[in-house]
2 protein chains.
Amino acid sequence: MNVPDTPTLEDVAKAAGVSTATISRSINHPDKVSPDTNERVQQVINALGYTPHFAGKTLASKRSRTVGAVIPTMANAMFASGLQAFQEELNVQGYTLLVASSGYDHDAEYEQIRKLIMQGADGLMLIGHQRTKATRDFLQARRIPTVLAWCNPDERDALYAGFDNVAAAQEITREVLAHGHTHIAMIAGVSGSNDRASQRIEGVRVETAKHGVSARLLSVVEAVYSLEAGGDAFEQIMRQSTQPTAIICGNDVLACGAILRARQLGIEVPGTVSVTGFDDIDIAQVIEPALTTVKVPQRAMGKAAAERLLSLLDDQIPTLGSINLPTRVILRHSLATLK
Amino acid sequence: MNVPDTPTLEDVAKAAGVSTATISRSINHPDKVSPDTNERVQQVINALGYTPHFAGKTLASKRSRTVGAVIPTMANAMFASGLQAFQEELNVQGYTLLVASSGYDHDAEYEQIRKLIMQGADGLMLIGHQRTKATRDFLQARRIPTVLAWCNPDERDALYAGFDNVAAAQEITREVLAHGHTHIAMIAGVSGSNDRASQRIEGVRVETAKHGVSARLLSVVEAVYSLEAGGDAFEQIMRQSTQPTAIICGNDVLACGAILRARQLGIEVPGTVSVTGFDDIDIAQVIEPALTTVKVPQRAMGKAAAERLLSLLDDQIPTLGSINLPTRVILRHSLATLK
DNA sequence: TAATGCAATGTAAGCGCTTGCATCTTGGAA
DNA sequence: TTCCAAGATGCAAGCGCTTACATTGCATTA
């Protein structure tokens, strides 16, 4: 009773000598309230340290000004700066971001999505386009405004801000081929539950095939995104009877794991075998030799995704369409020219 | 009107032929409802795809089963796995995590905290113990259950799950001294708004001073946590008239930045100058030479923080006290013995 | 001067849920 | 058979806020 309870709208109203409606308006639509009232309300709010109660607000307005994002993992830097940019853009517009992670598990993703929606998220940002039917049905039945990132799905109705994983993988493959490599292997992410991983595999496949009989994709080994797993995959590849002169990796962490293991095994990179990465996170410049990799426009993608989602939320019909951001091969030292 | 609107408790009640109270009880206190009713309710819920409305629930129960975390940055892996562990533990207990980042800005932190609280967070996890008076007052006035991590404040009343940054810095310094280095420099995080950074500086100071006149801490250069800034700091240090034989860095990213720059400058690490890091994130094993650094028990800390916060939330009086987790120096190759 | 319009504010009905209390069953115990 | 306790359920009052609609008080216009 006597505890300095958190003040409510009513407390403010009483203290300011007006109705709660006026306070609410003063906060949300100041132009609908006379200047002096506005000022008085401001003072009382400050004096009382009033903060609007989110649940009440959400319940009454049916809008939470909150958006959710479900990313596969927080554990590496892969999504970090994209997410950061996404959040920054949202903040500018007065939206709040809720982040959850799925661990590359589609069922977990569904759970997280439901949680976010039930938390009142007005919209969602999701990574990739592959998900369970239950998830798709849920999203559709509830008509949840959604933007996809890190991908460029071909579904007509999906709104996305991403890049073409297949094309990007083709591009780096082209680069590898141009360096004279014909015996190629790939260390990919686990393609089963990760469309980016499988598209990158496809890109490598397509491009090597295009090159004609001279080039061969010897093997594709899948591994979870860790240094350890990348190293194991590397070892597995190097134990095969026909060894590649270049290994294309679906991710920088995998590539670094491979290079690290090569070092332990006394195999020279890129002397004996070249290695390329994907993503261009910090680790790519740190590794020795520095990684030739594909730069993913993380920040631009995060920003673009936010802009699109917000336009969807505000205008119902998005004024901004889907966008494919350009990727770029960054040449460093882990890819050698084959003599 | 005809739109398949998201179903409410009332819809479920109607369909199941009972009152909303029963549904609510069936969901939250199944033991208070007869088994057959429970089952019928379950079926209806599944059939309708009902999800409880979070705002309504929060408003009515005054508990959101949500906790917030404000971390300085998402941009590097420093907090990632600790946060992940924190979230996992929360999920087990049916809590949801909301994450926000402050960019190492105390005012931004205050804003984010307010947002989280207004979002209905029942409790908070915060990094470090240094914050503005406004923040402290807010937290105290609202009596917000809070657990601190990555630090071990000496305030009597603060609940924390962290480690002793000073002691950890002393330990790595001792290691450096034991390797025969007497001319030492430090590249630290920006200490102004980051208590972990300043405590690590203090640890290095204290330990070198302890060593007597033979050892000297030549300089401490502060830098934001990026490869670039670490490199710049390195250059600045190496330009000074008296050069150190070892540089202790307050963070792995800084250390890697230094090593990278050394490479560009043709300075040998650890031949000419040794470099140590702090945190032991992925990048530390990837860099060549692999980084001698301080392992921070991220996952254990995240889990411990969650346990403590939850006990605080459930029992009012925490059954679990603050805890100091042990850190450990990991010897790799970036620290050489001085002949 | 009376009618009119508009700006400022108040009134009160919910938003979807929880929960204290009241009501109704039902299976013993007396 | 009667009575009571305990279990199962319903009723209805909010939780803190927004907003459609009603009201009030002026300034404006003919």
Side-chain angles (χ1 to χ4, degrees), chain A residues 1 3 5-42 44-45 48-66 94 114 117-122 142, chain B residues 1 3 5-42 44-45 48-66 94 114 117-122 142:
Chain A
M1 207 77 312
V3 187
D5 229 356
T6 88
T8 73
L9 239 211
E10 204 178 332
D11 298 332
V12 178
K14 224 165 264 171
V18 293
S19 74
T20 60
T22 300
I23 306 292
S24 173
R25 278 192 284 257
S26 169
I27 292 172
N28 303 303
H29 312 283
D31 52 307
K32 292 199 181 313
V33 173
S34 80
D36 20 337
T37 308
N38 264 330
E39 183 161 344
R40 192 150 34 92
V41 170
Q42 258 318 313
V44 175
I45 285 180
L48 264 52
Y50 169 75
T51 320
H53 186 284
F54 175 77
K57 195 171 173 132
T58 301
L59 192 52
S61 68
K62 315 185 107 185
R63 288 279 253 121
S64 68
R65 291 189 83 76
T66 277
R114 286 180 59 107
I117 291 308
M118 133 178 179
Q119 293 267 348
D122 291 338
R142 295 280 229 272
Chain B
M1 211 66 328
V3 187
D5 231 356
T6 92
T8 74
L9 239 211
E10 206 180 329
D11 298 331
V12 179
K14 225 165 266 170
V18 292
S19 74
T20 60
T22 300
I23 307 292
S24 172
R25 279 191 283 256
S26 170
I27 292 172
N28 302 304
H29 313 281
D31 51 307
K32 292 198 182 312
V33 173
S34 79
D36 22 336
T37 308
N38 263 330
E39 181 161 343
R40 193 153 31 96
V41 170
Q42 259 317 313
V44 175
I45 285 180
L48 264 54
Y50 168 75
T51 319
H53 188 283
F54 174 78
K57 193 169 176 136
T58 300
L59 191 53
S61 69
K62 314 186 107 184
R63 289 279 249 117
S64 67
R65 291 189 83 76
T66 276
R114 287 180 60 107
I117 291 307
M118 131 178 182
Q119 294 265 350
D122 292 337
R142 294 280 231 271

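Throughout, protein chains are lettered first and strands after them, A, B, ... in sequence-line order, and every chain is numbered starting at 1.
- With axes fitted over five pairs at each extremity, the angle between the ends of the helix from C/dT1-D/dA30 to C/dA30-D/dT1 is 50° (10° resolution).
- Here NE2 of B/His29 is found 12.0 Å from CG of B/Asn38. Values are rounded to the nearest 0.5 Å.
- Protein atom CG of B/Leu59 is 17 Å distant from nucleotide atom P of C/dG14, rounded to whole Å.
- Judged purely by atom type and a 3.5 angstrom limit, A/Asp122 has no side-chain atom pairing as donor or acceptor with the backbone of A/Arg63.
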Checklist entry - When you check every protein heavy atom under 4.0 Å of nucleotides 17-25 of chain C, what one-letter string (B, S, -) results, 5' to 3'? => result BBBB-----

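- No hydrogens or angles considered: nothing links the side chains of B/Arg40 and B/Thr22 as a donor-acceptor pair under 3.5 Å.
- Sorted by residue number, the members of residues 31-40 of chain A with any non-hydrogen atom under 4.0 Å from DNA chain C read A/Lys32, A/Val33, A/Ser34, A/Thr37.
- Heavy atoms only, all atoms of each residue included: A/Thr8 and A/Tyr50 are closest at C-CE1, 3.6 Å.
- Across every non-hydrogen atom of B/Ser19 and B/Ala13, the tightest pair is C-CB, 3.8 Å.
- Looking at every heavy atom in both residues, B/Ala15 comes nearest to B/Val44 through CB-CG1, 3.6 Å.
- Closest heavy-atom contact between A/Thr6 and A/Asp11: O-OD2, 4.4 Å.
- Between the OG1 atom of B/Thr37 and the CZ atom of B/Arg25 there is a distance of 11.0 Å, given to the nearest 0.5 Å.
- In this structure the side chain of B/Val12 reaches within 4.5 angstrom of the side chain of B/Leu48, judged on heavy atoms.
- Note that CD of B/Glu39 and CG of B/Asp36 are 8.0 Å apart. Values are rounded to the nearest 0.5 Å.
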